[in-house]
Amino acid sequence: MDWADELAASVDGPQVVNDSKTPSGTVHIGSLRGPVILDVIVRALRKHGVPTTLLYGVDDMDPMDAQALLTPDAVDRYMGAPLAHIPDQVADGHASYARHHAQTFIDVFDGLGVRPDRYYWMSDIYPTGDVDPFIRTALDRAATVREIYRRVANVRHPDTWLPVSVVCPNCGKVGTTFATDWDGETVAVACKPDLVTWARGCGWSGRVAPWKGAAKLPWNLEWAAQWSLFGVTIEPCGKDLSTRGGSRDRSDAIAREVFEREPPRNVPYEFLNIGGKKMSTSKGLGAAAHTMAEVLPPEQIRFLFVRHRPESVIEFVPEGTDAIPRQFDEFDRLARATDGQDVKGELPSGYDSIFAYSLLDPAADVAAEAAAYRPPFGHLALLVQVPGVDVLARVEAEKGAPLTDHERARFDERLGAVRRWLDGYAPESAIVAVQPALPAAADELDDEQRAYLGALADAVASGAPTSGDDWQAAIFAVANERGLDGKRAFGALYRSFLGRTNGPRAGWLLASLDRDVVVRRLREAAGAGQGATA
Ligand SMILES: [Zn+2]
Ligand SMILES: [Zn+2]
């Protein structure tokens with residue numbers, strides 16, 4: 001079993017799986033680990049026959065605290081205001097800043113096959129009054145809340161502090177108000193110019209009844225209230241929030257001791273560490289999701305997260321390495337194993353589930369997907385670099401049949417990823433240029449290598465191999481016959497065709513070229529330098 005099946009086998013009764021997110025800024029590749037884990041848990045629960053609901057919250061009553069995201073004229077007015085109350089900073093028709101940014105991540109999730117049963121917006125929930133009982137309880141038990149902050153997180157609020165953030169009736173900011181003196185119906189509120197460094201309150205003070213959207217709960221309490229409101233039973237949580245004394249610990253304690261409900265089961269998950277200059281951001285979450293999606297199609301992004309257990313750190317260095325081709329290869333290997341074919345190497349536990357949960361469509365025919373023909377990434381990367389090659393025709397020759405419509409769609413997607421990989425990520429060694437004439441490097445071939453190339457030319461002159469695998473086999477077979485080690489055999493081929501000493505899989509290289517061209521070049525190289533030494 002894979003990790004998600006293990007989890008699904010351990011629960012009792014219907015499950016409500018939840019996560020929520022503040023809608024601001026760019027969606028980074030690293031921040032997609034949570035949503036994919038969430039979705040895989042839901043798929044696993046449903047596969048095990050557990051009735052399951054997936055909810056996703058938009059925490060859009062959170063205050064704006066990132067100046068860089070506002071146009072300059074909006075900074076004074078909106079820093080500290082609820083995200084839901086800030087106008088869209090891009091004139092493209094969203095009702096608010098929050099709706100604009102939430103749409104970005106909703107679209108990204110959808111593209112990854114992560115489709116919650118319901119998105120709920122805290123700016124819609126508060127006005128209904130549904131949160132009011134939790135606000136009342138929090139205010140009644142404010143001393144307990146303050147004690148929890150002290151005990152769990154070593155955060156000391158003044159004894160007058162109350163666990164509620166009132167929206168200032170004068171300036172509309174929520175990040176700048178300080179509430180005291182709960183009398184059972186209202187609180188005293190001061191909108192302070194200097195409460196926080198990132199926003200300036202207007203100085204208003206007065207009493208406010210904190211109901212129906214006039215106030216919000218501070219984050220840790222809002223989180224715990226969501227669990228009670230929606231009956232959440234499972235909520236995975238990133239490492240940044242799962243540390244001891246961190247956000248999750250506080251909310252767990254608030255759920256138990258203030259709202260008197262057992263918190264949902266946590267599935268703590270680790271970071272994705274993305275290496276490479278292009279990928280790094282100040283927040284360490286890696287490239288923007290839409291940039292990464294150009295080179296990793298949705299199934300590959302899912303696979304990146306599904307193949308690792310949540311508690312393990314993922315180190316991913318896509319730039320200047322073959323990490324991306326290797327990941328495609330591993331995906332293809334698990335597909336073949338799921339199809340019942342023999343594969344090299346050890347298989348991960350639950351490999352067939354890992355493959356199935358990586359597929360975009362939860363209702364996909366897993367057996368048909370596993371049996372589909374997938375051209376190896378490295379092979380495509382080579383074919384697209386050889387001038388005049390009809391890549392699709394070569395791939396269909398390798399398969400031995402035309403691609404199905406479904407395979408064709410996947411092929412197009414993969415080919416796009418290959419081109420972008422070569423464009424911006426591939427190491428120097430993956431970039432090849434087949435030389436139009438015998439390269440000078442062929443002069444450095446020794447006698448054994450030249451004899452080998454001649455023998456290979458003879459072997460393939462009649463009945464040449466067609467597929468890359470057949471070529472690879474022929475290259476090895478002739479080398480074995482002549483007692484030439486593989487490294488020198490390949491070196492001879494790279495010198496003769498690429499003018500250098502290394503390169504991608506030689507069988508694919510030769511298969512991508514016209515057979516007559518290959519035979520002529522092999523014979524030429526076999527004779528190279530002999531005139532000079534004779
Ligand atoms: Zn917009
Ligand atoms: Zn104010």
Side-chain angles (χ1 to χ4, degrees), residues 20-28 31 56-111 119-124 126-127 135 139 157-158 160-182 186-219 288-291 293:
S20 65
K21 184 173 165 61
T22 305
S24 63
T26 311
V27 182
H28 290 98
S31 67
Y56 204 97
V58 185
D59 298 327
D60 60 345
M61 285 302 286
D62 290 358
M64 166 58 95
D65 63 1
Q67 190 169 318
L69 302 169
L70 289 171
T71 56
D73 58 310
V75 169
D76 277 350
R77 180 145 177 222
Y78 292 117
M79 283 301 287
L83 296 168
H85 298 174
I86 300 172
D88 193 352
Q89 302 288 289
V90 183
D92 61 354
H94 295 102
S96 69
Y97 177 95
R99 297 274 162 172
H100 178 92
H101 285 279
Q103 195 60 52
T104 306
F105 70 69
I106 289 169
D107 290 346
V108 169
F109 292 0
D110 190 71
Y119 281 98
Y120 60 90
W121 303 74
M122 290 314 289
S123 65
D124 287 344
Y126 277 105
I135 295 176
L139 290 170
H157 287 297
T160 54
W161 177 88
L162 294 175
V164 70
S165 298
V166 172
V167 179
C168 174
N170 184 49
C171 71
K173 295 187 180 183
V174 71
T176 52
T177 60
F178 191 84
T180 54
D181 190 31
W182 164 237
T186 63
V187 291
V189 178
C191 184
K192 297 188 170 187
D194 56 355
L195 184 71
V196 292
T197 54
W198 39 269
R200 208 176 152 73
C202 68
W204 182 88
S205 63
R207 296 202 71 88
V208 172
W211 318 123
K212 294 202 165 184
K216 77 183 287 292
L217 287 166
W219 163 235
H290 60 87
T291 305

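Each ligand, and each atom within it, is numbered from 1 in the order the structure gives. Worth knowing before you read on, the calculation uses all heavy atoms, side chains too, and leaves out hydrogens, waters and symmetry mates.
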Worksheet item: Can you check whether Tyr97 and His101 have ring centres sitting under 6.0 Å from each other?
Response: yes
Discussion item. Counting the benzene-type ring for Trp, do Tyr120 and Tyr56 have ring centres under 6.0 Å apart?
Written reply: no
Practice prompt. From the options Leu217, Val167, Leu83, Val174, select the one residue that forms a side chain to side chain contact (heavy atoms under 4.5 Å, CB included) with Met61.
Written response: Val167
Practice prompt. Please report the closest heavy-atom contact between Gly201 and Cys191, naming both atoms and the distance.
Written response: CA-SG, 3.5 Å
Worksheet item: Which protein N, O or S atoms does the Zn ion (ligand 1) have within a distance shorter than 2.8 Å?
Response: Asp88 OD2, Asp92 OD1, His94 ND1, His100 ND1
Fill in: Heavy atoms of other groups near Arg77 CZ, more than 12 under 6.0 Å
no
Fill in: side chain to side chain donor-acceptor pair (under 3.5 Å) partner of His94, chosen from Gln103, His100, Gln89
His100
Worksheet item: Looking at Asp124 and Arg99, does any basic side-chain N land under 4.0 Å from a carboxylate oxygen?
Response: yes
Fill in: Axial cation check for Tyr126 ring with Lys212, 6.0 Å and 45° limits
no
Item to complete: Could you please spell out the steps behind the side-chain hydrogen bond (donor to acceptor under 3.5 Å, both in side chains) verdict for Thr22 and Asp59?
Response: CA-CA 5 Å; Thr22 305; Asp59 298 327; 4.5 Å; no
Worksheet item: Listing by chain and number, what protein N/O/S atoms are under 2.8 Å from the Zn ion (ligand 2)?
Response: Cys168 SG, Cys171 SG, Cys191 SG, Cys202 SG
